[in-house]
Amino acid sequence: MTQDELKLVVAQAAIAYVVEGEIVGVGTGSTANFFIDELAKIKHKVKAAVASSEVTAARLRSHGITVLDLNEVTSMPVYIDGADEITPQGAMIKGGGAALTREKIVASVAEKFVCIADGSKLVDVLGKFPLPVEVIPMSHAVVARKLNALGGEARLRMKDGEPLLTDNGNMILDVHGMQILDPLTMEAEINNIVGVVTVGLFARQGANVCLLGTAEGVKTLQF
Ligand code: 5RP
């Protein structure tokens with residue numbers, strides 16, 4: 001199976017976690033896109049969605065799915081999203097699509113985080129995938145120095161020759177070469193650096209379930 005086929009099968013499996021008549025939180029990225037397209041097939045069964053990015057909101061709306069502002073929502077049973085890396089304990093690196101802050105915010109309102117990922121995302125130690133950190137633009141150089149002091153090499157994410165700007169108007173530092181042996185401590189430490197908006201480590205609130213696409217079928221990991 002190709003990576004895209006694995007993403008499709010986990011997206012299809014995630015539909016079983018959507019609660020009828022309720023609001024569903026929706027992530028960002030290529031796996032989330034497969035999920036959105038599957039969700040469109042049962043859109044009459046869901047009340048509405050909350051999106052973790054402008055691009056996800058646009059795709060949901062293009063299918064005729066109502067998108068609510070998170071400020072109008074007090075609870076939702078489930079948030080469904082991909083990951084860049086996930087450990088057997090459910091800690092994740094996210095933010096490859098630069099949507100980490102909104103992803104963390106929407107996930108914080110959901111009762112359950114269902115991660116959908118192809119099998120290549122499962123790792124014993126996080127950090128081979130560069131760790132995204134969203135920063136206030138005026139702080140990117142000072143934050144980069146502090147991240148480097150933690151043992152990584154922070155690089156400003158670029159797009160078309162300019163620093164990439166997130167949906168929140170901030171910048172992304174991608175930290176290369178970090179072996180994250182204690183994700184919980186590292187998440188707190190990086191979040192405490194002045195100028196950091198969000199670190200793309202999801203350990204304090206990681207996944208509750210991971211649907212992992214493998215050659216042998218979809219494996220369900222519970223955390
Ligand atoms: C976006 C994310 C994505 O969930 C992550 O990058 C995985 O993306 P994909 O499903 O395309 O592999 O965190 O900010």
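Since the model is a prediction, treat every value here as computed from it, not as a measurement. Atoms within a ligand are numbered from 1 in the order they appear, just like the ligands themselves. Keep in mind that the numbers below use all heavy atoms, side chains included, and drop hydrogens, waters and symmetry copies.
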N/O donor to acceptor pairs below 3.5 angstrom from side-chain atoms of residues 148-158, sequence neighbours left out:
from   : atom 1 : to     : atom 2 : distance (Å)
Asn148 : OD1    : Ala154 : N      : 2.8
Asn148 : ND2    : Ala144 : O      : 3.4
Glu153 : OE1    : Arg155 : NH2    : 3.3
Glu153 : OE2    : Arg155 : NE     : 3.0
Arg157 : NE     : Asp174 : OD2    : 2.9
Arg157 : NH1    : Gly95  : O      : 3.4
Arg157 : NH1    : Gly96  : O      : 3.0
Arg157 : NH2    : Gly95  : O      : 3.0
Arg157 : NH2    : Asp174 : OD1    : 2.9

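- For the pair Lys112 and Tyr79, the cation-pi test (distance below 6.0 Å, angle within 45°) is failed.
- The 4.0 Å heavy-atom shell around ligand 1 contains residues Lys7, Thr28, Gly29, Ser30, Thr31, Asp81, Gly82, Ala83, Asp84, Lys94, Gly95, Gly96, Gly97, Ala98, Ala99, Glu103, Lys121, ordered by chain and number.
- Taking a 4.5 Å side-chain heavy-atom cut-off between Ile, Leu, Val, Met, Phe, Trp and Tyr, the cluster of Leu181 extends to Val125.
- Looking only at distances, no side-chain donor or acceptor of Gln89 sits under 3.5 Å from a matching main-chain atom of Phe223.
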Distance-only criterion, 3.5 Å: show the donor-acceptor pairs between side-chain atoms of residues 212-222 and protein atoms not counting sequence neighbours.
from   : atom 1 : to     : atom 2 : distance (Å)
Thr214 : OG1    : Glu216 : N      : 3.2
Thr214 : OG1    : Gly217 : N      : 3.3
Thr214 : OG1    : Gly217 : O      : 2.7

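- Annotation: the span from Phe129 atom CZ to His176 atom NE2 amounts to 9.0 Å, rounded to 0.5 Å.
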